[in-house]
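Below is one structure; the comments refer to it alone.
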Amino acid sequence: MASFIEPLVVGRVIGEVVDLFVPTINMSVNYGSKHVNNGCEVKPSIAVNPPTIHISGKRTDLYTLVMTDPDAPSPSDPRMKEVIHWLVVDIPGGTDPTKGHDILPYMGPHPPVGIHRYVFVLFQQRGHFPVIGPVHTRAHFNTRLFASEYDLGLPVATVFFNSQKEPASRRR
Amino acid sequence: MGVQAMASESGGGGRQSQLQSLSRQGSIYSLTLNEVQNHLGEPLHSMNLDELLRNVLPAELDNLVAGANSSIASGVCMHRQGSITMSPALSKKTVDEVWRDIQQGQRRHERHKMLGEMTLEDFLGRAGVAVDGSDKRSNPNIGNAGLYPREHWLQQYQHHNLQLQQQAQQTIMGTFVGVPMSQPLGVAPGPILDAVYPEDQGTNSPTLVEAISDPQTPGRKRGTMEDVTEKTVERRQKRMIKNRESAARSRARKQAYTNELENKISRLEEENEMLKKQKELEPIIHYVTQPEPKHQLRRTSSAPI
């Protein structure tokens, strides 16, 4: 199981976004045909729409998915860290986020400067997610704080990819 | 009395006569380099020959032509006037470099294990011989004196700037190079200095500039030049730190991905092994289930035609 989190440690996801945890659920993230491996590069153009995500787990358990960018606006100057890109709750185990409740709609990566990490964090809920008001701003999100606020505990799965601004295409 | 240390004739005999005349001049030449070093109280290694001779020759003042004294005192010129002359290229070299040259030339012949054990005259003699072969490839080291080995390579970077700074030599003996040079040099050593002494020197360098430049240029106001230097140094330092962090992130990124792929590979290989083993067991399972379907598929004629 250690091999699942090693890249997260090396890529400093564990440390900057979440704490050290033991993954207990399998989560596979795919943008079309591109399977997301930790630390792989995904172009913003193929990540415009939400990825297909499949999670394992018991049908009776509910999960929360957070997608966050800890390198906003620039990795060397993450003033806005983190920026939350997607928030889905009440996802039944063994299914996907479409079966959950979309509190904050998916927003694709659009890194202005530098190479950003985009992290998917999955938490197991203790019960149904409490009703919360609309999220006012995506910036200055804190995954750890969010997890402790809603008693989510440590993550059960985490995956991240890198993305950077694509060179502007010349149109004639 | 002018002895040519740079001998064009490399024959042993020719050198011998040279050395004999050298030793006649005084006792100092027959000292080993270790003894010379002790005598001077300063490490010889990164001294260039200029400096070495300047330190050595004062002991020989009695034997020298009058003109030599002034040249030692000024410490500006590259050439030695007086008892020893050598090429500008040679005088710029440090003791270390010359030693290396000597060693390379020496390999076939005798071996001097330690630089220190060689006598001064021997060293100079061999230096003179060595210079012919190595002159072309040597990297002329600008005459900076009495510096510690650490700064030796710094000199090569700063070489075009330091040519302006000869007069500063004597005052900076034994201190850090680069920053103490008077203001025009301020811009260049910044990044180099920063590269060598990252955090600690940050605050020290501006003060060093002030401290040393005062005796140098008493008439100049403390003001714009030093401020500019400070700011530039600061800016460069920040840039460097940022750069370092960026490089570290880049490395982490690369490593994380490599890590992930390696782990994935080993997991997949394990799975593969398992699946292969399962495959071996499959035929047995099929054999058991086969007879039934055959039975079900048997054709029978049902309609009479």
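Residue numbers start from 1 in every chain, and the chains themselves are labelled A, B, ... in the order their sequence lines are given, proteins ahead of strands. Reckoned from all heavy atoms, side chains included, excluding hydrogens, waters and symmetry mates.
If you measure heavy-atom distances from N38(A) to chain B, the contacts under 4.5 Å come from both the backbone and the side chain. Heavy-atom distances place the side chain of F160(A), and not its backbone, under 4.5 Å from chain B. When heavy atoms are compared at a cutoff of 4.5 Å, K264(B) approaches chain A solely by way of its side chain, counted from C-beta outward. For R267(B), the part lying near chain A is the side chain, with the backbone staying farther off; criterion is any non-hydrogen pair under 4.5 Å.
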| said: Using side chain to side chain contact (heavy atoms under 4.5 Å, CB included), reason through R249(B) and S76(A) one step at a time and then give a plain yes or no. | reply: CA-CA 9 Å; R249(B) 270 196 307 272; S76(A) 56; 3.5 Å; yes

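Residue with the most contacts toward chain B among V10(A), L8(A), V13(A): V10(A) (heavy-atom pairs, distance under 4.5 Å).
The CZ atom of R253(B) lies 6.0 Å from the CG atom of N162(A); values are rounded to the nearest 0.5 Å. With rounding to the nearest 0.5 Å, the separation of CG in N263(B) from CG in N37(A) is 10.5 Å.
Proximity of C40(A) to Y257(B): side-chain heavy atoms (C-beta onward) are separated by under 4.5 Å at one or more points.
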